Amino acid sequence: MTLMNSLLTFAQQGAAPAAQPGATPAPAAAPAPTPALSEAERAAAQARGADAQVEAAGGSEVSMVELFVHLNPVEMGVMIILALCTVYAVALLFEKIYVMRKAAKQTKDFLTAFRKANSVEEAEAIVRKLPNSGIKSMFDAGMAEVRRTQDLGLYTMRDARDHTMQRVASAMATRQNEHLEDLGSSMTFLASIGANAPFIGLFGTVWGIMVAFVGIAKTQTTSLAVVAPGIAGALLATAAGLAAAIPAVLIYNFAAKQISKQGTKLDDFASEFIALVSRDMDRRAG
């Protein structure tokens, strides 16, 4: 037993590392310092990380042209209708601006010349030299009634004055309404575009979202990279509807305002012409 214990003690002493008395254990090696990144390197690293996330999600940039090309047939039909409405509305804008300015200038020139006359004969001689216009057609209608009254021998009769004024006013009002109707051509279509284009676009959007949800059900995925293009294309129809409606409403309001101003000027002219005829009848009646 004593011999066995001695052997075990010797083995343990041999396995243990020999330590120098008073020796200090060596310190552990410090990790190598990490070099600091510059701002440019940090930004580049962030960009690479963002690109990696996009590639991992399977996403890619989608342009407006690509959205339009990949629309389904119903959405494509809606977009074509709205595009035609937009083009027509913009064309009407230029047409209305030209027509309204021309009518306003003709009315102004006519009134300037007409107000120089002191009798119906002078007015007729002055107006004959002016170009054709809506206000001139009113004068011609009123003057035609005056000539008919003169042919009947009633022009100098005081008892026939009221009837003569009524006939002149009615004839001029008829021509005035025809002229204002010509100025207001296509106004109904403009109002229809302004009122219905947003709903047409909304129909295209609802249809496109329905198709997108059907695609989600078929692919069994809700990944935004897969769903977003279809929904974005559907929303494009709503944007097209607004793009068609807004110009149509603006053009309608502009044209309505100009027609109202023109109608007021024509009403004033009718009153001036009737007053001129009344003075002329009084002078001739003595």
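Keep in mind it's a predicted model, so treat the numbers as computed, not measured. Just so you know, these numbers use all the heavy atoms, side chains as well, and skip hydrogens, waters and symmetry mates.
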Checklist entry - Is there a side-chain contact between Ile97 and Gln258 (heavy atoms, below 4.5 Å)? => result no
Checklist entry - Who pairs with Tyr252 by ring-ring contact (aromatic ring centres under 6.0 Å, His included), at least two apart in sequence or on another chain? => result none
Contacts of [X] that satisfy side-chain contact (heavy atoms from CB on, under 4.5 Å) - sequence neighbours left out:
X: Ser133; answer: Gln106, Ile135, Lys136
X: Leu92; answer: Tyr88, Glu95, Ser186, Leu190
X: Glu122; answer: Ala117, Asn118, Ser119

Next on the checklist: Show every salt bridge (charged side-chain N to carboxylate O under 4.0 Å, His left out) that has at least one partner inside residues 109-119, sequence neighbours left out.
Outcome noted: Lys105-Asp109, Arg115-Glu272
Item to check | Ala255 versus Met100, closest heavy-atom pair with distance | outcome: O-CE, 4.0 Å
Next on the checklist: Please find the pair of heavy atoms, one from Pro247 and one from Ala244, that lie closest to each other, and give the distance.
Outcome noted: CD-O, 3.6 Å
Item to check | Transitive ILVMFWY side-chain link Phe203 to Ile193, under 4.5 Å | outcome: no
Next on the checklist: Please say yes or no: joined through hydrophobic side-chain contacts below 4.5 Å, possibly via intermediate residues, are Leu183 and Phe269 part of one cluster?
Outcome noted: yes
Item to check | Residue list, salt bridge (charged side-chain N to carboxylate O under 4.0 Å, His left out) with Arg101, at least two apart or on another chain | outcome: none
Next on the checklist: Thr107 and side chain to side chain donor-acceptor pair (under 3.5 Å): which single residue from His179, Gln262, Lys102 fits?
Outcome noted: Gln262
